[in-house]
Number of protein chains: 2
Amino acid sequence: MEVTTADTQATEIREAAKKIITVPPDSFALCPVRDILDRIGDKWSLLSILHLGSTDSLRFNELRKRITGISQRMLTVTLRALETDGLVARTVYAEVPPRVEYALTGLGQSLLAAVIELGNWAAAHAPAIAEARERMGRVAA
Amino acid sequence: MEVTTADTQATEIREAAKKIITVPPDSFALCPVRDILDRIGDKWSLLSILHLGSTDSLRFNELRKRITGISQRMLTVTLRALETDGLVARTVYAEVPPRVEYALTGLGQSLLAAVIELGNWAAAHAPAIAEARERMGRVAA
DNA sequence: ACCTTTGAGTTACCAAAAGTAACCATAGGC
DNA sequence: GCCTATGGTTACTTTTGGTAACTCAAAGGT
């Protein structure tokens, strides 16, 4: 990695960050990024998107089993929110017992790519974070 | 865009998602992605990272002004968490009144790129989401 | 001398969100 | 006629987030 390239990249990244957090003053509401992060920026949404992205579609209880630790209520709430935002499609089959399938929409798929980046980062830097936590833990103790 | 390329990409993305959510069974704890998303996957953390990423460093109150709507308490809590995870560096200058500067660490910078992707996605798809919400709003009402 | 201001927090208190657990509808099988 | 399975909902509790008041320590005004 040449230094100049790295520097240029760093500046670009900073500019990108600036652009995102800049509120368009003529916008009727607050900046869309802020609004959207409010909605999808929570662990259950991100995890749901990742799990739905890893297959074609999943039934409610199957998804619940896969997202370890999520409660039934939180799963319904999360899926409903994702549905109203157009990220997840909910298909009900009129059978008994009922069968409901959830899948990412096109919009959801496009988000998936970004979430995967986040996931990859987490996987890659988990050791560094664990180390930082331990360092800090010592200080706090 | 050729169809085959798109298809290949879609498959790759799915595989990537699968990899991320897969818990290494020999891992002592739960999957790192799960754990890390728990921490950084909330709106205040993501917004803090974006704002800190847009400059060299920011003082506490300056950051507070920029992250519209965050409370003093939540900002301290969020920054502390980011600090213990090694994403943010906190520098205290022994002055009166006190001066405290926050900046992304190298680790934080590396996360910034992924968060920006998320932000870009939000900016790009805000209209689509708004439309979806309206469609759903009608149904619910 | 005393009061105010300033920055970066705490602390105490209250509202909102998330977690827990029990309940529901329906049909098929035993 | 009772139990199971599925995909929820409802009532209740606990945890989290938001609001507002207080703190510390020095400088500056009066």
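Proteins come first, then strands; the chains are lettered A, B, ... in the order of their sequence lines, and each starts at number 1. Quick caveat, the model's predicted, so the values are computed rather than measured. Keep in mind that the numbers below use all heavy atoms, side chains included, and drop hydrogens, waters and symmetry copies.
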Quiz prompt | Nucleic acid contacts of residues 51-59 of chain B, taken as heavy-atom distances under 4.0 Å to DNA chain C | solution = Arg59(B)

Practice problem: Go through residues 72-93 of chain B and report each residue with a non-hydrogen atom lying under 4.0 Å from DNA chain C, sorted by number. | Solution: Gln72(B), Arg73(B), Thr76(B), Arg80(B), Arg90(B)

Quiz item: Quick one: Glu95(B) CD to dA27(D) P, roughly how many Å, whole number?
Solution: 12 Å

Quiz item: Rounded to the Å, how far apart are Arg64(A) CZ and dG7(D) P?
Solution: 10 Å

Check whether any side-chain N or O of [X] sits under 3.5 Å from a backbone N or O of [Y] as a donor-acceptor pair, and report yes or no.
X: Ser45(B); Y: Gly41(B); answer: no
X: Thr105(B); Y: Gly86(B); answer: yes
X: Thr76(A); Y: Arg73(A); answer: yes
X: Arg34(A); Y: Thr68(B); answer: yes
X: Thr22(B); Y: Lys18(B); answer: yes

Taking the side chain as everything from C-beta on, heavy atoms only, tell me whether [X] gets closer than 4.5 Å to [Y].
X: Asp42(B); Y: Lys43(A); value: no
X: Thr78(A); Y: Glu83(A); value: no
X: His51(A); Y: Lys65(A); value: no

Quiz item: Using a heavy-atom cut-off of 4.0 Å to chain A, what are the terminal contacting nucleotides of DNA chain C, in 5' to 3' order?
Solution: dA18(C) to dA27(C)

Quiz item: Closer to the 5' end of DNA chain C via nearest nucleotide, is it Gly69(A) or Pro98(A)?
Solution: Gly69(A)

Quiz item: Considering heavy-atom distances to DNA chain C, does Val96(A) or Asp42(A) have its closest nucleotide positioned more toward the 5' end?
Solution: Asp42(A)

Practice problem: Output yes when at least one side-chain N/O atom of Trp44(B) is less than 4.0 Å from OP1 or OP2 of dG18(D), else no. | Solution: yes

Practice problem: Say whether Glu101(B) and Thr91(B), considering side chains only, have a donor N or O and an acceptor N or O under 3.5 Å apart. | Solution: no

Practice problem: Using a strict 4.0 Å threshold on nitrogen-to-oxygen distance, state whether Arg135(B) and Asp85(A) make a salt bridge. | Solution: no

Quiz item: Is it true that Glu62(A) and Arg66(A) make a salt bridge, defined as a side-chain N closer than 4.0 Å to a carboxylate O?
Solution: yes

Let me have the donor-acceptor pairs involving side chains of residues 106-123 of chain A, under 3.5 Å, with sequence neighbours excluded, atom names and distances please.
residue: Ser110(A); atom: OG; partner: Leu107(A); partner atom: O; Å: 2.6
residue: Ser110(A); atom: OG; partner: Trp121(B); partner atom: NE1; Å: 2.8
residue: Trp121(A); atom: NE1; partner: His125(A); partner atom: ND1; Å: 3.3
residue: Trp121(A); atom: NE1; partner: Ser110(B); partner atom: OG; Å: 2.8

Quiz item: Given axes from five pairs at either end, by how many degrees does the helix from dA1(C)-dT30(D) to dC30(C)-dG1(D) bend, rounded to 10°?
Solution: 30°

Exercise. Check salt bridge (charged side-chain N to carboxylate O under 4.0 Å, His left out) between Arg59(A) and all other residues, then give those that pass, not counting sequence neighbours.
Key: none

